[in-house]
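As the structure is a prediction and not an experimental result, all values here were calculated from the model. Chain letters run A, B, ... following the sequence lines, proteins first and then strands; every chain starts at 1.
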Amino acid sequence: MFKRTHTCGELDRSFVDEIVKLNGWVNTVRLHGKIVFVDLRDRYGKTQLVFDENSFSEDFGKIKKLSIEDVISIKGFVNNRDDSSINPDMKTGNIEIIVSEFIILNESSPLPFVLSDRSSAEEQFRLKYRYLELRIEELQKNLMFRHDTYQATRDYLSKNNFLEIETPILMKSTPEGARDYLVPSRLHHGKFYALPQSPQIYKQILMISGYDRYFQIVKCFRDEDLRADRQPEFTQIDIEMSFVDEEDIFSNMEDLTRAIFSTVKGIELPNPFPRITYRDAMELYGSDKPDTRYDMKLIDLKLFTDKSEFNAFSSVESVRGFVVKTGAKYSRKFIDELTEELKKHKAKGLAWIKYQEGKFIGGISKFFSESLQVEIVEYLKINDGDILFMVGDSNDIVCKSLGKLRNLIAEKEGLANKNNYKPIWVTEFPMFDYDEENKRFIAMHHPFTAPREEDIDKLDNSPAMALSRGYDLTMNGHEIAGGSIRIHSPKIQKKIFSLLGLSHEQAVEKFGFLVEALQYGAPPHGGIAFGFDRLVMLLAGTENIRDVIAFPKTTSATSLMDESPNYVDGSQLDELGLSLKG
RNA sequence: GGGAUCGUAGUUCAGUUGGUUAGAACGCCGGCCUGUCAAGCCGGAGGUCGCGAGUUCGAGUCUCGUCGGUCCCGCCA
């Protein structure tokens with residue numbers, strides 16, 4: 001092997017006539033008989049090699065055996081290309097290497113698929129041969145974004161006095177939240193470790209231990225069903241701070257987020273980030289992670305529909321809707337598709353009215369008198385050619401389904417520019433969700449989230465009304481971070497456990513060590529965790545979490561490359577004291 | 001747990017109403033070729049139509065089941 005003097009991405013005209021040595025993969029071969037062009041590739045770029053029968057010192061026949069993805073090592077000189085043969089699409093397109101000697105370091109078998117682009121094979125094959133797919137520029141770029149994000153994060157936090165501290169991967173299984181991944185214990189048959197859903201408890205204990213600014217870029221594990229933006233193992237930027245309130249968290253985390261976007265993408269985010277309460281987010285955007293890149297806010301229309309003849313809306317709790325500019329062009333078929341989508345979100349239907357040539361047309365327009373039409377047009381500032389969509393139902397269903405519709409329309413109309421980044425804090429979440437099935441309250445954030453000072457009284461009488469000190473940082477319709485000010489009073493912590501239906505014994509059994517720790521001088525503290533993969537997705541401009549993870553799993557939590565999970569030898573089970581059912 | 005959708009050559013796809021020998025492009029193999037950059041031209045090989053049943057004289061095509069991928073609902077504090 002010739003030790004490389006340069007990479008394949010760095011040579012230009014300033015190197016002309018220099019003798020250079022390059023290593024890399026054969027990206028393409030263009031064979032012309034007595035002259036052969038090869039694009040040599042490494043992760044820094046591509047450089048054109050020229051094998052000329054006249055200037056090549058060795059057996060020219062050897063070159064004709066070159067095939068795609070062979071690994072080679074070459075020696076040659078940098079040649080200035082004629083104006084007519086410059087390739088403006090290549091960074092190194094002004095030059096080429098006239099090769100005098102070369103070594104094939106390793107031949108490649110014919111490839112299972114062409115490495116030209118991501119669409120050249122189904123994902124199933126690309127995941128099986130992930131090591132080949134990772135050679136494609138798009139994925140290399142994504143992993144570089146990821147690297148830059150790690151570094152920007154560590155740089156900012158370290159400079160601001162946060163300590164990076166590792167917490168255990170083998171821990172105790174805790175109730176609430178997601179299903180745990182379990183690890184059987186060899187030394188303690190019948191006992192199991194759990195992989196952390198997050199280092200939540202450890203980071204709170206670190207606060208109690210006095211490490212008042214902690215962070216960790218850490219893998220978390222949740223055994224739940226997957227989605228395009230969800231993997232069974234994923235990465236968080238986990239952060240916790242002592243002697244702080246919401247404002248300290250917000251300002252520090254905004255600075256961190258701005259630092260990341262500025263260094264990784266060269267984008268300056270607003271200062272400060274806007275905020276919205278959970279309630280306003282749900283009522284105006286129909287989502288707890290509002291995409292504020294476009295308007296189309298949900299508007300209460302109950303007063304108007306009650307004056308109409310449309311009886312389906314007269315008995316419902318809530319009627320809301322929003323206007324889509326130029327939406328009158330939508331076909332019946334398209335509106336039907338939207339309706340089907342809304343039914344997934346429990347809406348019974350989608351009411352619509354087109355406004356054309358000064359009057360309501362189609363849909364439920366006949367139920368609205370002329371004077372009522374004028375009122376509505378004025379109130380909503382409807383223009384000719386617009387469409388009004390409405391849903392009537394319980395307020396919860398109305399908001400959530402319209403929120404979904406809002407996103408669908410934005411996608412259809414191209415309103416969501418992925419180079420436009422709109423962060424917004426969501427605050428004042430309720431403490432609890434009520435689980436109708438099990439007739440009990442469930443922590444909306446997690447059981448260590450503090451209630452608002454003024455809502456502590458409500459815990460006794462109307463816990464459903466109590467708001468928490470939890471917050472989410474959202475951007476472009478994604479939750480990129482979530483956290484809260486924690487409970488540091490053992491008394492309130494016990495009350496929350498009891499509201500969650502955990503008996504004193506259960507709470508002590510599951511979280512006793514934390515409750516105990518709270519008694520020994522716990523400082524007021526709070527924190528947040530960023531979904532690192534989703535953050536990188538946003539930075540890389542992709543909608544798929546697998547695009548930003550080197551070795552991702554499928555939506556059924558398998559790895560097609562190494563075929564995990566898999567069976568184990570019976571002797572391994574014996575050692576663990578396990579036997580399989582059936 | 002539920003819904004939708006996809007599975008045909010190494011890969012991406014086409015394949016009519018169920019009907020003779022399942023096609024194309026790229027890749028692969030062989031040949032020609034001195035300026036290409038998705039090189040070009042000529043020729044060739046390559047198929048358990050995911051798997052298993054069923055309907056039928058006859059199934060890539062229809063039915064049921066099953067396996068796998070993707071997307072969504074539930075779920076994911």
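Two residues are said to be in side-chain contact when any heavy atoms from C-beta on lie closer than 4.5 Å; A/P430 and A/Y278 meet this criterion. The shortest distance between side-chain heavy atoms of A/L11 and A/I95 falls below 4.5 Å.
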Every protein N/O lying under 3.5 Å from an N/O of nucleotides 10-12 of chain B:
from, atom 1, to, atom 2, distance (Å)
B/G10, O2', A/P112, O, 2.7
B/U11, O4', A/P112, O, 3.3
B/U11, O2', A/S120, O, 2.5
B/U12, OP1, A/E122, N, 2.8

Mind listing the N/O atom pairs, protein and nucleotides 31-33 of chain B, below 3.5 Å?
from, atom 1, to, atom 2, distance (Å)
B/C33, N3, A/G33, N, 3.3

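In the region residues 75-86 of chain A, proximity to RNA chain B at under 4.0 angstrom, judged on heavy atoms, holds for A/R81, A/S85, A/I86. Of the residues in residues 394-403 of chain A, none has a non-hydrogen atom less than 4.0 angstrom from any atom of RNA chain B.
Atom-to-atom, CZ of A/R126 to C1' of B/C6 comes out at 14 Å; the value is rounded to the nearest Å. One atom, CD of A/E340, and another, C1' of B/U5, lie 16 Å apart when rounded to the nearest Å. Distance A/L226 CG to B/C73 P: 13 Å, rounded to the nearest Å. If you measure from atom NZ of A/K344 to atom P of B/C71, you get 13 Å, rounded to the nearest angstrom. Put simply, CD1 on A/I68 is 14 Å from C1' on B/C29, counting in whole angstrom units. In this structure, the CD atom of A/E69 is 14 Å from the P atom of B/G27, given to the nearest Å.
You'll find a donor-acceptor pair under 3.5 Å spanning the side chain of A/R227 and the base of B/G74, going by distance alone. Residue-to-nucleotide contacts include a donor-acceptor pair under 3.5 Å from the side chain of A/R230 to the base of B/C76. One donor-acceptor pair, N or O on each side, does fall under 3.5 Å between the base of B/C37 and the side chain of A/N87.
Listed pair A/R179 / B/G1 fails the phosphate criterion, with no side-chain N or O lying under 4.0 Å from OP1 or OP2. A sub-4.0 Å separation between OP1 or OP2 of B/A39 and a side-chain N or O of A/R30 is present. The shortest distance between the side-chain N/O atoms of A/K404 and the OP1/OP2 oxygens of B/C73 is below 4.0 Å. The side chain of A/N544 contributes no N or O atom lying less than 4.0 Å from OP1 or OP2 of B/U70.
Cation-pi geometry between A/K203 and A/F215 is not met: the NZ or CZ atom fails to fall both under 6.0 Å from the ring centre and inside 45° of the normal.
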Pairs under 3.5 angstrom only: tabulate donor-acceptor contacts from the side chains of residues 490-499 of chain A to other protein residues two or more places apart or in another chain.
from, atom 1, to, atom 2, distance (Å)
A/Q493, NE2, A/P447, O, 2.9
A/K495, NZ, A/D460, OD1, 2.8
A/S498, OG, A/K495, O, 3.2

Side chains of residues 474-483 of chain A: which donor-acceptor pairs under 3.5 Å do they make with residues two or more places apart or in other chains?
from, atom 1, to, atom 2, distance (Å)
A/T474, OG1, A/I424, O, 3.1
A/N476, OD1, A/K422, N, 2.8
A/N476, ND2, A/N420, O, 2.8

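Residues passing the side chain to side chain contact (heavy atoms under 4.5 Å, CB included) test with A/D533, sequence neighbours excluded: A/R146, A/F234, A/T235, A/I545, A/V548, A/I549. Taking the ring-ring contact (aromatic ring centres under 6.0 Å, His included) definition, one finds that A/F334 meets it with A/Y330, sequence neighbours left out. Residues that satisfy the ring-ring contact (aromatic ring centres under 6.0 Å, His included) test with A/F37, not counting sequence neighbours, are A/H32. Checked against side chain to side chain contact (heavy atoms under 4.5 Å, CB included), A/K343 has the following partners two or more places apart in sequence or in another chain: A/T339, A/E340. With sequence neighbours excluded, no residue forms a side chain to side chain contact (heavy atoms under 4.5 Å, CB included) with A/D225.
The side chain of A/T554 lies closest to B/U70 when the candidates are B/G35, B/A39, B/U70. Side-chain proximity of A/T558 to the nucleotides B/G69, B/C71, B/C37 is greatest for B/G69. Residue A/Q48 has its side chain nearest to B/G35 when only B/G35, B/G69, B/G74 are considered.
Side chain of A/D82 to main chain of A/S84: no donor-acceptor pair is present (N/O by atom type, distance under 3.5 Å, no hydrogens or angles).
Nucleic acid contact class of A/R546 (heavy atoms, under 4.0 Å, all strands): sugar-phosphate only. Within the 4.0 angstrom heavy-atom criterion, only backbone atoms of the sugar-phosphate kind lie near A/T28; the bases stay farther away. Across all strands, A/N54 comes closer than 4.0 Å to base atoms (heavy-atom distances). Residue A/E96 is in base contact, counting any heavy-atom pair closer than 4.0 Å across all strands shown.
Under the 30°/60° scheme for interplanar angles, the aromatic rings of A/H446 and A/F448 are found to be tilted. Classification of the A/Y471-A/W425 ring pair by plane angle, with boundaries at 30° and 60°, yields perpendicular.
When both distances must be under 3.5 Å, the Watson-Crick or G-U wobble mate of B/G19 is B/C57. With a cut-off of 3.5 Å on both Watson-Crick or G-U wobble distances, the partner of B/G74 is given as none. Under the Watson-Crick and G-U wobble criteria, each requiring two contacts below 3.5 Å, nucleotide B/C41 is paired to B/G31. Using the Watson-Crick or G-U wobble rule with both distances under 3.5 Å, B/A14 pairs with nothing in any strand shown. B/G7 is paired with B/C67 under the criterion used here, namely a Watson-Crick or G-U wobble arrangement in which both key atom distances are under 3.5 Å.
Between A/F15 and A/H6, the distance from one ring center to the other falls under 6.0 angstrom.
Taking atom C1' on both B/C32 and B/C71, the two are 49 Å apart, rounded to the nearest angstrom. Rounded to the nearest Å, the gap between the P atom of B/U61 and that of B/G52 is 13 Å.
Among residues at least two apart or in separate chains, salt bridge (Lys or Arg N to Asp or Glu O under 4.0 Å) pairs with a member in residues 29-50 of chain A are A/R4-A/D42, A/R30-A/D39, A/R41-A/E69.
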Handout entry: A/K91 vs A/D12, salt bridge (charged side-chain N to carboxylate O under 4.0 Å, His left out): CA-CA, chis, key distance, verdict
Key = CA-CA 8 Å; A/K91 203 171 118 199; A/D12 59 30; over 6 Å; no
Practice task
Let me see the working for A/F56 and A/F51 under ring-ring contact (aromatic ring centres under 6.0 Å, His included), right down to the final yes or no.
Solution key: CA-CA 6 Å; A/F56 189 60; A/F51 296 84; 5.8 Å; yes
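Heavy-atom nearest nucleotides on RNA chain B were determined for A/F448 and for A/D89, and the one closer to the 5' end corresponds to A/D89. Comparing A/T555 and A/Q236 along RNA chain B, the residue whose closest nucleotide (by nearest heavy atom) sits nearer the 5' end is A/T555.
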